[in-house]
2 protein chains.
Amino acid sequence: MAIRPAEQLIHKAAWLYYAHGLRQDQVASQLNISRASVAMYLRKARETGIVNISTSTQLFTDDVLARQLEDALELDAVWIAPENDYVLDPSTDIAVLAASVFLELVKKGDRIGVAWGRTVYTIADIMSYADLQDVTVVQLCGNLGAPYSYRPDQCTMEIARRLNAKGLNFYAPLVLTTELLAHGLRAEPVIREQLADIGNCDLALYSVGTVDADSHVVKCGALSPGEMGVLREAGAAGVIAGQIIDAAGKALDCSYNRRVISASLASLRQIEKRLMVVQEDSKFQPLLAALAGGLCTHLVVGASMARRLLDHAGASAGAKKAS
Amino acid sequence: MAIRPAEQLIHKAAWLYYAHGLRQDQVASQLNISRASVAMYLRKARETGIVNISTSTQLFTDDVLARQLEDALELDAVWIAPENDYVLDPSTDIAVLAASVFLELVKKGDRIGVAWGRTVYTIADIMSYADLQDVTVVQLCGNLGAPYSYRPDQCTMEIARRLNAKGLNFYAPLVLTTELLAHGLRAEPVIREQLADIGNCDLALYSVGTVDADSHVVKCGALSPGEMGVLREAGAAGVIAGQIIDAAGKALDCSYNRRVISASLASLRQIEKRLMVVQEDSKFQPLLAALAGGLCTHLVVGASMARRLLDHAGASAGAKKAS
DNA sequence: ATGCCAGTTTGACTTTTGTCGAGAGCCGTG
DNA sequence: CACGGCTCTCGACAAAAGTCAAACTGGCAT
């Protein structure tokens with residue numbers, strides 16, 4: 001009775017404390033343990049998602065700016081992280097908000113597609129634990145061969161872990177050296193099935209990448225700065241789930257894209273809720289491309305980015321009217 | 001700036017405290033108010049459901065007894081409130097558990113049918129606040145003419161209030177004096193539409209009533225003790241949403257039932273999740289009737305009731321096998 | 001204008017909670 | 001069977017959160 005505290009005790013403690021509203025010392029005496037232990041159990045309970053503390057993100061959608069953006073961009077929902085108000089770490093603020101929004105969007109039984117990148121990993125990292133049963137988290141794109149800090153499989157697994165969900169990884173490299181090989185690999189049953197199933201996801205979480213020399217795909221070695229330059233000349237505007245898109249949000253017709261193992265943009269668009277999170281202001285152009293491509297139905301951005309988007313939408317609407 | 005603290009401030013405080021994990025004094029300095037105010041805001045935030053603290057009820061389904069009951073009674077899920085373990089108020093324990101289970105079953109956009117009675121009202125009373133948007137709570141049966149402590153409309157509205165949901169009341173008496181009048185009233189568009197829509201609910205919450213002289217329906221004056229006695233002779237076994245059912249869980253063929261304005265048992269059975277909560281051990285026979293009638297898919301009971309149910313199920317299974 | 005009321009805010013106080021290092025029981029291993 | 005290694009547990013202290021009466025605010029009726 002002393003050795004394995006197990007979930008059982010944690011559960012009971014959490015129950016008495018949070019549901020019945022007892023104080024820790026009362027819980028302790030009920031369970032015949034010390035109050036210190038109770039405190040520890042409660043922390044574990046919070047960490048494992050046995051108790052869920054979530055704050056409504058309504059505040060951020062109530063924002064006038066967010067409403068305007070929803071209308072202007074025809075999105076289902078927009079959340080805007082305030083920036084000047086009370087200064088905290090500027091970009092984690094967006095990630096914290098994104099994590100809350102994400103948790104609010106997830107339902108039991110959902111299948112969730114997750115891409116990769118610093119943004120996604122940051123979100124995973126600060127996401128609070130939850131106890132979603134029957135949730136599956138699937139990886140949207142192939143892995144990186146080289147060890148890199150925010151690997152696709154890491155993103156997927158970390159989020160699955162936080163949610164107490166099943167993680168479904170994808171054991172293929174993100175990009176191959178020849179189109180032929182990529183084609184062959186995509187035809188492999190294991191891979192093909194998983195790719196085919198992506199359209200059945202209920203929710204997708206991704207960010208968008210830049211096509212600069214310090215882009216994510218460059219830093220991780222999938223493309224050299226030179227190659228990226230060429231692609232940029234050819235019309236590359238952003239990166240989604242490892243694929244290069246042009247300003248219209250279509251997959252760029254290039255060798256690189258044909259060598260990538262990832263969810264097709266068409267299958268991404270089949271996903272009902274596509275949550276896009278953008279932290280850096282430098283991702284303005286890539287974000288426009290993603291929006292143009294209909295790759296996003298739910299958006300989390302910072303206030304300054306929101307204003308730029310709105311200005312842009314207003315300007316292009318005005319231009320359209322003028323012409 | 002001093003007069004209307006509004007939701008805005010409460011929201012921000014809750015956000016900083018719960019989502020960002022700041023301490024109260026940090027929140028206070030961020031918001032330029034005193035820590036005491038922050039503490040107050042946070043309480044309000046919890047009370048209004050801006051933050052949600054919920055404990056997983058998994059513990060209670062993991063219980064071996066619960067599993068056995070699920071199998072024996074062919075129910076989707078069973079939760080059993082422990083009784084001897086750590087002694088608290090015995091019957092509120094069941095209600096607290098029921099409230100948690102209920103909140104766990106509700107999803108956004110759901111339509112919820114709520115019956116009435118002491119049990120239901122107790123659950124409503126201790127239910128923590130939540131911020132479910134797009135949820136509608138509908139009343140399953142007519143109102144009581146006489147003022148009584150746990151009126152159907154009270155139950156409905158209180159639950160709607162806690163959930164921040166829309167409450168849909170039912171402005172008709174529970175029982176009329178003549179069958180003709182009841183028939184006419186049921187044909188009224190307002191009433192008819194609401195009754196017809198009950199089958200579209202996603203979730204129902206009710207208990208079952210006894211058919212004793214101190215039954216709920218007797219105490220509230222819908223039936224006299226004498227009439228109840230007659231009905232009992234005629235095979236009455238329990239009360240569901242104001243209607244008398246027999247041991248097989250069918251509506252008893254009697255004048256009273258024909259004079260009642262309430263959701264038909266058939267429409268109740270159309271509801272996907274039918275959560276039944278039983279506090280008193282004396283409701284054993286009525287509960288059996290309700291179970292026989294398929295009026296319950298999710299069940300919350302106390303441990304002793306659970307054991308009785310299991311014994312009964314085992315015995316009747318044995319009898320069936322023997323015969 | 002004035003005084004009252006309802007609601008908010010605050011500082012000071014008490015209670016409750018989080019945390020740390022030490023100790024105790026259990027386990028596989030040498 | 002003695003030994004670390006491991007995790008769980010506890011007591012005591014420090015930190016944080018809850019509470020209360022008093023002061024303050026603006027609105028409102030007199």
Side-chain angles (χ1 to χ4, degrees), chain A residues 1-56 59 62 85-86 88-89 96 126-130 161-162 164, chain B residues 1-56 58-59 62 85-86 88-89 96 126 128-129 161 164:
Chain A
M1 174 147 308
I3 242 342
R4 187 122 177 68
E7 298 255 299
Q8 206 72 350
L9 257 189
I10 301 184
H11 247 299
K12 283 192 183 177
W15 176 253
L16 290 172
Y17 187 74
Y18 287 107
H20 282 266
L22 298 191
R23 274 184 278 101
Q24 291 191 354
D25 51 1
Q26 295 179 295
V27 176
S29 65
Q30 291 281 2
L31 264 48
N32 279 93
I33 51 179
S34 78
R35 221 203 69 263
S37 298
V38 173
M40 202 204 58
Y41 287 160
L42 292 179
R43 182 157 41 73
K44 280 195 179 175
R46 282 187 300 261
E47 282 172 358
T48 37
I50 287 173
V51 305
N52 257 338
I53 302 185
S54 64
T55 73
S56 156
L59 167 66
D62 279 357
D85 232 313
Y86 33 86
L88 289 157
D89 197 336
V96 170
I126 53 160
M127 185 179 296
S128 62
Y129 291 76
R161 194 173 71 84
R162 301 274 172 154
N164 238 320
Chain B
M1 178 153 296
I3 243 342
R4 186 120 175 68
E7 298 255 298
Q8 206 71 351
L9 255 191
I10 301 184
H11 246 298
K12 282 191 182 178
W15 176 253
L16 289 170
Y17 186 74
Y18 287 107
H20 281 268
L22 298 191
R23 273 182 277 104
Q24 290 190 353
D25 49 2
Q26 295 180 295
V27 175
S29 63
Q30 291 280 2
L31 265 48
N32 280 93
I33 50 177
S34 77
R35 221 201 60 265
S37 297
V38 173
M40 202 203 62
Y41 287 160
L42 292 179
R43 181 157 36 75
K44 280 195 178 173
R46 281 186 300 260
E47 281 171 359
T48 40
I50 287 173
V51 304
N52 261 342
I53 303 184
S54 62
T55 73
S56 157
Q58 212 189 332
L59 166 66
D62 278 358
D85 230 314
Y86 33 85
L88 291 155
D89 195 335
V96 171
I126 53 159
S128 62
Y129 289 77
R161 196 173 71 84
N164 236 319

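A, B, ... follow the sequence lines: proteins, then strands. Residue 1 opens every chain.
- Under the salt bridge (Lys or Arg N to Asp or Glu O under 4.0 Å) criterion, B:Arg23 pairs with B:Asp25, sequence neighbours left out.
- Phosphate proximity of C:dT8 to B:Lys44: present, with a side-chain N or O under 4.0 Å from OP1 or OP2.
- In this structure, OH of B:Tyr41 is placed 14 Å from P of C:dG7, rounded to the nearest angstrom.
- A distance of 11.0 Å separates CZ of A:Arg43 from OG1 of A:Thr48, quoted to the nearest 0.5 Å.
- In this structure, the side chain to side chain donor-acceptor pair (under 3.5 Å) partners of A:Arg46, at least two apart in sequence or on a different chain, are A:Tyr18.
- Under the rule for a side chain to side chain contact (heavy atoms under 4.5 Å, CB included), the partners of B:Ser34 that lie at least two apart in sequence or sit in another chain are B:Ala36, B:Ser37.
- OP1 or OP2 of D:dC10 sits under 4.0 Å from a side-chain N or O of A:Ser37.
- Note that the two end axes of the helix from C:dA1-D:dT30 to C:dG30-D:dC1 enclose an angle of 20°, each drawn from 5 base pairs, rounded to 10 degrees.
- In this structure, A:Arg35 CZ and A:Gln26 CD are separated by 12.0 Å, a value rounded to the nearest 0.5 Å.
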I'd like to compare against my own output: the B/S/- annotation of nucleotides 11-22 of chain D with a strict under-4.0 Å heavy-atom distance to protein.
B----SBBB---
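- Contact record, A:Tyr129 with A:Asn52: O-OD1, 3.4 Å, taken as the closest heavy-atom pair.
- With rounding to the nearest 0.5 Å, the separation of OH in B:Tyr41 from CD1 in B:Ile33 is 5.0 Å.
- When the side chain to side chain donor-acceptor pair (under 3.5 Å) test is applied to A:Ser128, no partner is found at least two apart in sequence or on another chain.
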